[in-house]
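Here the structure is laid out as C-alpha cells; the discussion comes afterwards.
In what follows, every heavy atom counts, from backbone to side chain, and hydrogens, waters and symmetry copies are set aside. Chain identifiers are assigned alphabetically (A, B, ...) following the order of the sequence lines, protein sequences preceding nucleic acid strands; residue numbering begins at 1 within each chain. The shown structure was predicted, so the numbers you read here are calculated from the model rather than taken from an experiment.
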Amino acid sequence: MIHRLSTLFVRTLRDDPAEAEIPSHRLLLRAGYIRRAAPGGYTWLPLGLRVLQRVEHIVREEMNAIGAQEVHFPALLPREPYDATGRWTDYGPNLFRLQDRRGVDYLLGPTHEEMFTLLVKDLYSSYKDLPVWLYQIQTKYRDEARPRAGLLRGREFVMKDSYSFDLDDEGLQRSYDAHRSAYVNIFARLGLDVVIVKAMSGAMGGSASEEFLAPSASGEDTFVRCSQCDYRANTEAVRIGTPSAPDASNTPAALVVDTPNTPTIQTLVDLLNSRQDLQRTTPWAAHDTLKNVLVMLRQADGSRTPLAIGVPGDRDVDMKRLEALVAPLEVEPFGEGDFAARPTLIKGYIGPNALGEAQPLGIRYLLDPRVVANTAWVTGANAPGRHVVNLVCGRDFAADGVADVADVRDNDACPMCSAPMRIERGIEMGHVFQLGRKYAEVLGLQVLDEKGKQRVVTMGSYGVGVSRAVAAIAEMHHDEIGLRWPRSVAPMDVHVVIAGKAGDQTAPAGEQLAAELSASGLHVLLDDRTGVSPGVRFKDAELMGMPMIVIVGRGVANGVLEVRDRIAGTTTEVPIAEAAQHIITCCA
RNA sequence: CGGGAUGUAGCACAGCUUGGCUAGUGCGCCUGGUUUGGGACCAGGAGGUCGCAGGUUCAAAUCCUGCCAUCCCGACCA
C-alpha cells in the first residue's frame, strides 16, 4: 500500500508545542500523530492511529494465542453493578457519572470487573465451563485530577483488560501464569523493555500482583531493583529485611533529659552531641532517634481513627506506602484539632509510652521493622522540651505491630540478599493480579462443582495500557531529531523520499520503487510532494520516524539509491535494480 | 485540592509596565516567479470575538473585578 505525503492528512510542526514537556508528547504532536482535543483527550491522526492499531493487533494476537476470547462491552454502563461492589462511591471523583433523560444514573467505565463477572454469571453455571478467559480492548474513562504527559495519563484512554475465571486457587495460578507470559511476549514485540515488579493490589483487593514497568524518567511509578539478585518491587510493595535483635543487657536504664527547643530531629541530634554528660563512642545521629508520626485513617463512612507509626528519625513515612498498607482506608493528616482533642500528646515530643492500644489514648501504634527488640532509642518523653535516651524496645516500650512504610532510598539493602538496591522510575504498562473471590462473592458468581455444590468462582484481572504503550514506545525509541519506531509498530515500513529536481528521473524512479515495495505487501510512505526543498523532506522523514528511509535523489544518475536505517543510523548505497529486494529483505 | 506559570492566527512568540489611529513578528497556508542534498528566496495575499463576562475611560490586548481554561510541581491515581 502506498501512502502519499502529498495527500496524507498530516501536518508536521517546526516548533515544539509549548504544552508538551516530555519527548513522546512533543514528538507525537510535532510529527502529526495526535492532536489534543480536550484535557486528557487526544485525536488520533492517520499515522498515530496506525501505530495504535498495530499495538492493538499485537495484543490481540498474544491474547488469542493463550486462548483468551475477545468480547466488547459498552463504555456507558449502568450504576447497579457498581453499587453492588461499592465502587460507585469508592471510586470517588475519578468516576465519570452521568444521567439519562429520565434521571437514571450511568457511568463511563473506568474498568470492567463488575460487567465481566456478571456476564459470566449470566451464561455459565458449571465447573465444566471453567476456566474461561475473556478480554476486551476498550476506551476507558477516568476523571483524573490532573491528566498529564499527553498519552501517558489521559482521562480517556485505550486499555486491554482481561479476566480469568477458575474454580480454585490452583486454576487461578495457571491463569495468572498464562497471562503473565503473554504479557512478556506482548512487550517484547512492542519493543518495550519492561521490568516485572512486585506490586500492591491496591483498591482492587486480591493477593498476588505484579506490574510491568517500562523504565523511564518520565514514568510516574517508583520501583527498586536489586543490584545483585532478581528482586524488583514497586516502592509501595517493598518489604524490607528485619535486623536480628541485638544484646541489650549492657544498655543503661532509660533516662529522661531536658531537651528544650528541639521540636525537630536535627535540633535534637545537635543538642545531644553538645551535652558532655551524654557523650558516647560515636556521635548521636538521626538514626538513633525514634520519630513517632501520627495520622488519621478515614473509613468510607467518614469516621476517623488515629494511627501512630514509629520510624527511625532519619526516615520519613512514605504516604504512598502507608496508603497501600491501610487500603481501602484513606490517610489524612493529624491536624491541630486532633492534637487539641488529645492534650497529652505534645507535638514534637511524642513518645512510645503514650501510644499503643493499651494506653489511655488507645492509639494503635506500629513500628518500622528496623525497630526490633533490644534496640535503644532516643525519643519523645511526652512532656514539653523533654526526650528520653536509651529507651529499649521490648524492655521499656511495646507496640501493637509492624508497619513497613518508611521511605525507600537508593542503596537500601535488598530484603532477599542484602545487596544495595537501586531506585528507578517507570511507566506502568501492565498489571496482572489475582483478584480472588471478592467480585464473584458480592455479585454472586457461583458454579456447581463435580459434587453438585455451589462454589464461588475465583478471578484474576489483567490490564495493558494500549494507548499508553504508544507513548511509552515513543518515549523509549526516539532521538534528538525525531521518532524511531520499532518495525513491529511503525505506521509504515518504508519512507521513500523523492529528492530530485523537477523533470529528472527521481520521481519516476521513486514511484516505481514504491510500487514494487507495495506489491510485496509493504506499507510505503512516499514523499511525492512538489516544490518542497530536500531539507524539509529529510527533516520530516526523520521526525516521522519510519524505521527505514530511502532517498531517491542525486544517486539515481549513477544508478543507486540511499537506504538509511533510522534505528541503526546507518546509510547504505544500493543499486536501483537491487533496491526493492534489498529493502524487502530488511523488512522481513 | 495546595504551589507556580500562561491564555494574542494552525505552531512559536512580541506588544501590556506608562491605555491611543487599521494588533505585530517568524514559521506554516494561498497566488505568481526564481530555486532544489539538509527546515531556500523575491513579490503579493488570506487568516484574529487579543480565554470569557462585567467594570473604569472619549478610548482597553493593555487598568480593575469575577469567572473559565491550559501547562508544570506536589497531593491524588484499577
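Under a 4.0 Å N-O distance rule, the pair A/E70/A/R60 qualifies as a salt bridge. A salt bridge links A/R225 with A/E424: the closest approach of a Lys/Arg side-chain nitrogen to an acidic carboxylate oxygen falls below 4.0 angstrom. Contact check on A/D221 versus A/R425 returns no salt bridge, with no Lys/Arg side-chain nitrogen under 4.0 Å from an Asp/Glu carboxylate oxygen. Ion pairing of A/R4 with A/E511 is present here, as a side-chain N (NZ or NE/NH1/NH2) and a carboxylate O approach within less than 4.0 Å. Using a cutoff of 4.0 Å between basic side-chain nitrogens and carboxylate oxygens, A/E21 and A/R26 are not scored as salt-bridged. At a threshold of 4.0 Å, the pair A/R321-A/D407 does not count as salt-bridged, since none of the basic side-chain nitrogens sits closer than that to a carboxylate oxygen.
Among the atoms of the strands shown, none is found under 4.0 Å from any heavy atom of A/A541. Within 4.0 Å of A/D540, counting heavy atoms only, lies at least one base atom of the nucleic acid. Across all strands, A/A18 comes closer than 4.0 Å only to sugar-phosphate atoms, never to a base (heavy-atom distances). Base contact: A/K539 has a heavy atom under 4.0 Å from a base atom.
In this model, no side-chain donor or acceptor of A/E542 finds a partner on the base of B/G39 within 3.5 Å. Under 3.5 Å, the side chain of A/E562 and the base of B/G37 form at least one donor-acceptor pair of N or O atoms. The base of B/C71 lies outside donor-acceptor range of the side chain of A/R148, with no N or O pair under 3.5 Å. A donor-acceptor contact under 3.5 Å is not formed by the side chain of A/R529 with the base of B/G39.
If you take atom C1' in B/G54 and the same atom in B/U49, they sit 16 Å apart, rounded to whole Å. Remark: the separation of the C1' atoms in B/A69 and B/A23 is 23 Å, to the nearest Å. Between B/A9 and B/G26, the distance separating the two P atoms is 16 Å to the nearest Å. Nucleotides B/U6 and B/G45 have their P atoms positioned 36 Å apart, rounded to a whole Å. When the C1' atom is used for both B/C16 and B/U8, the distance is 11 Å, rounded to whole Å. When the C1' atom is used for both B/A59 and B/A43, the distance is 37 Å, rounded to whole Å. Annotation: B/G74 and B/U62 have their P atoms spaced 34 Å apart (nearest Å). Taking the P atoms as reference points, B/U57 lies 16 Å from B/G19, given to the whole Å.
No close placement of the A/Y163 and A/Y462 rings is indicated, their centers lying 6.0 Å or farther apart.
Partner of A/E542 under the salt bridge (charged side-chain N to carboxylate O under 4.0 Å, His left out) criterion, out of A/R566, A/R537, A/R30, A/R564: A/R564 alone.
If you take CG on A/L98 and OH on A/Y141, they are separated by 11.0 Å, rounding to the nearest 0.5 Å. Within the model, atoms OH of A/Y135 and CG of A/D161 stand 11.5 Å from one another, a figure rounded to the nearest 0.5 Å. In this structure, A/I66 CD1 and A/R180 CZ are separated by 13.0 Å, a value rounded to the nearest 0.5 Å.
Phosphate contact (OP1/OP2 of B/A40, side-chain N/O of A/S533, threshold under 4.0 Å): present. The side chain of A/R14 contributes an N or O atom lying less than 4.0 Å from OP1 or OP2 of B/G28.
For the strand RNA chain B, secondary-structure stems (runs of at least three Watson-Crick or G-U pairs, all distances below 3.5 Å) span B:1-7 with B:68-74, B:10-13 with B:24-27, B:29-34 with B:40-45, B:51-55 with B:63-67.
Atom CZ of A/R155 and atom C1' of B/A69 are 11 Å apart (whole Å). Rounded to whole Å, atom P of B/U70 lies 11 Å from atom OH of A/Y42. In this structure, the CG atom of A/D15 is 13 Å from the P atom of B/A14, given to the nearest Å. For the pair A/E220 CD and B/C77 P, the computed distance is 12 Å after rounding to whole Å. Rounded to whole Å, the distance from CZ on A/R468 to P on B/C77 is 14 Å. Distance CG (A/L13) to P (B/C11): 8 Å, rounded to an integer number of Å. Taking atom CG on A/D143 and atom C1' on B/C77, their separation rounds to 11 Å, with Å as the unit. When the C1' atom of B/A75 is taken as reference, atom CG of A/D221 falls 16 Å away, rounded to whole Å.
Side chain to side chain, A/S175 and A/W133 meet the donor-acceptor criterion of an N or O pair below 3.5 Å.
Within residues 22-35 of chain A, the residues having any heavy atom closer than 4.0 Å to RNA chain B are, in order of number, A/R30, A/R35.
The listed nucleotides are B/C72, B/G39, B/A12; the one nearest the side chain of A/P17 is B/A12. Counting only heavy atoms from C-beta on, A/E21 has its side chain closest to B/C72 among B/C72, B/C29, B/G37.
Mapping A/A20 and A/V536 onto RNA chain B via the closest heavy atom, the residue that lands nearer the 5' end is A/V536. Take the nearest nucleotide of RNA chain B for A/G555 and for A/G463: the residue whose nucleotide is more 5' is A/G555.
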